[in-house]
Amino acid sequence: MKKLLYIPLTAMLVAGPAMADRSKTVTVENDRISGTKTVTRDGNGNVSVDGDLTRKSDGATATHRYDRERTESGWTASGEQTDFKGRSRGFDYQRDRTENGYEASGSAYNRRGDQYGYTGYGTRGENSRERGRNVTRNGKVVYDRTDTATRNADGQIVRNRTVTRDPTFRPKKRLKPLKVKNPKPRKRWKKRRGR
């Protein structure tokens, strides 16, 4: 009987550290700036980033905040950056699974003070798919796009795209402002001689 009790207790002790938050802090220190950046992950898809930099010449500060959290039906994310001049940009985003796809919504603002709104969706049928995105800037639609793909009776896939875009707006492929970046070193390819 004692052996049976030890097994669950041992499993809990082993599983405990694996479920704990994993945090990594990077320190920046040079002649111009000093600061830290801390990234915390809980192993369930939740991420928190806090970064602060101080410019040594005048004491100005810059900050970076990012949070991503899993929900029962999808995930949410929010973030904000403030530069050394005190200008900020930030966003809020939410994505939820639906019965046949997903729905998404969000808002953002840039350093110039523009306010953005975002809605998106994706649906999947037996022989069709549809995806749409809509972006407003200060209450005016600046981007609207719908992509559809259907399979006809011959088995061929027919794709259609409808786009309306304000010339001053340049959309990104994905809504990933303030994403946590992990830069990789570039590989340098040496030219072979004799070619």
- Note on the structure: Hits for side chain to side chain contact (heavy atoms under 4.5 Å, CB included) against Y109, two or more places apart or cross-chain, chain-then-number order -> E80, S88, Q115
- Message: When you measure from the side chain of R87 to the backbone of T82, do you find a donor-acceptor pair of N or O atoms at a distance under 3.5 Å?
- Response: no
Give every donor-acceptor pair under 3.5 Å between a side-chain atom in residues 24-34 and any protein atom, sequence neighbours left out.
| unit_1 | atom_1 | unit_2 | atom_2 | d |
| --- | --- | --- | --- | --- |
| T25 | OG1 | T38 | OG1 | 3.0 |
| E29 | OE2 | K56 | NZ | 2.5 |
| N30 | OD1 | R32 | N | 2.8 |
| N30 | OD1 | I33 | N | 2.8 |

- Note on the structure: Residue pairs passing the salt bridge (Lys or Arg N to Asp or Glu O under 4.0 Å) test with at least one member in residues 98-110, sequence neighbours excluded, are none
- Query: Going by an N to O cut-off under 4.0 Å, is there a salt bridge joining D83 and K85?
  - Reply: no
- Message: Counting C-beta onward and ignoring hydrogens, is there a side-chain heavy-atom pair between Y143 and V163 closer than 4.5 Å?
- Response: yes
- Task: Working to the nearest 0.5 Å, report the span between CZ of R89 and CZ of R112.
- Result: 11.0 Å
- Does atom CZ of R124 have more than 12 heavy-atom neighbours, drawn from other residues, nucleotides or ligands, at distances under 6.0 Å? no
- 4.5 Å side-chain heavy-atom contact, R137 and T168: yes
- Step by step, would you call H64 with D50 a side-chain contact (heavy atoms from CB on, under 4.5 Å)? CA-CA 6 Å; H64 177 106; D50 289 299; over 6 Å; no
- side chain to side chain contact (heavy atoms under 4.5 Å, CB included) partners of R97, counting only residues at least two apart: none
- Item | Non-neighbouring partners of R131 that pass side chain to side chain contact (heavy atoms under 4.5 Å, CB included), sequence neighbours left out | Y102, D147
- Message: Using side-chain contact (heavy atoms from CB on, under 4.5 Å), reason through Q81 and R111 one step at a time and then give a plain yes or no.
- Response: CA-CA 9 Å; Q81 283 183 343; R111 294 187 176 103; 3.8 Å; yes
- Drop me the distance from T63's OG1 to D52's CG, to the nearest 0.5 angstrom. 6.5 Å
- Result for side-chain contact (heavy atoms from CB on, under 4.5 Å) between D144 and one of T119, T136, N134 points to N134
- Work out which heavy atom in S73 is nearest to a heavy atom in D96; give both atom names and the distance. OG-OD1, 2.8 Å
- Please examine the side chains of K140 and D166, heavy atoms only from C-beta on, and report whether any two atoms are closer than 4.5 Å. yes
- Message: Just by distance, no angles: are the side chains of S105 and R95 close enough, under 3.5 Å, to form a donor-acceptor pair?
- Response: no
- Query: Which residues pass the side-chain hydrogen bond (donor to acceptor under 3.5 Å, both in side chains) test with Y121, sequence neighbours left out?
  - Reply: E130
- Note on the structure: Sorted by chain and residue number, the salt bridge (Lys or Arg N to Asp or Glu O under 4.0 Å) partners of R159 (sequence neighbours excluded) come out as none
- Query: Going by heavy atoms in the side chains, are R165 and V135 under 4.5 Å from each other?
  - Reply: no
- Those residues at least two apart in sequence (or on a different chain) that pass side-chain hydrogen bond (donor to acceptor under 3.5 Å, both in side chains) with R129 are none
- Exercise: do D67 and S48 side chains pair donor with acceptor under 3.5 Å: yes
- Message: Using side-chain heavy atoms (C-beta onward) and a distance below 4.5 Å, is F91 in contact with Y66?
- Response: yes
- Using side-chain hydrogen bond (donor to acceptor under 3.5 Å, both in side chains) as the criterion, list what pairs up with T54, not counting sequence neighbours. none
- By salt bridge (Lys or Arg N to Asp or Glu O under 4.0 Å), which residues pair with D58, not counting sequence neighbours? R55
- Item | Residues E69, T76; criterion side-chain contact (heavy atoms from CB on, under 4.5 Å); working and verdict | CA-CA 5 Å; E69 184 177 346; T76 63; 3.9 Å; yes
- Who pairs with S107 by side chain to side chain contact (heavy atoms under 4.5 Å, CB included), at least two apart in sequence or on another chain? D92
- Task: Start with the C-alpha distance between R68 and W75, add both sets of side-chain angles, then the distance that settles side-chain contact (heavy atoms from CB on, under 4.5 Å), and finish with yes or no.
- Result: CA-CA 7 Å; R68 184 182 70 206; W75 56 279; 4.0 Å; yes
- Test side-chain hydrogen bond (donor to acceptor under 3.5 Å, both in side chains) applied to N46 - qualifying residues, sequence neighbours left out: D42
- N152 side chain reached by T150 side chain, heavy atoms, under 4.5 Å: no
- Item | Cluster link L53 to V49, ILVMFWY, side chain under 4.5 Å | no
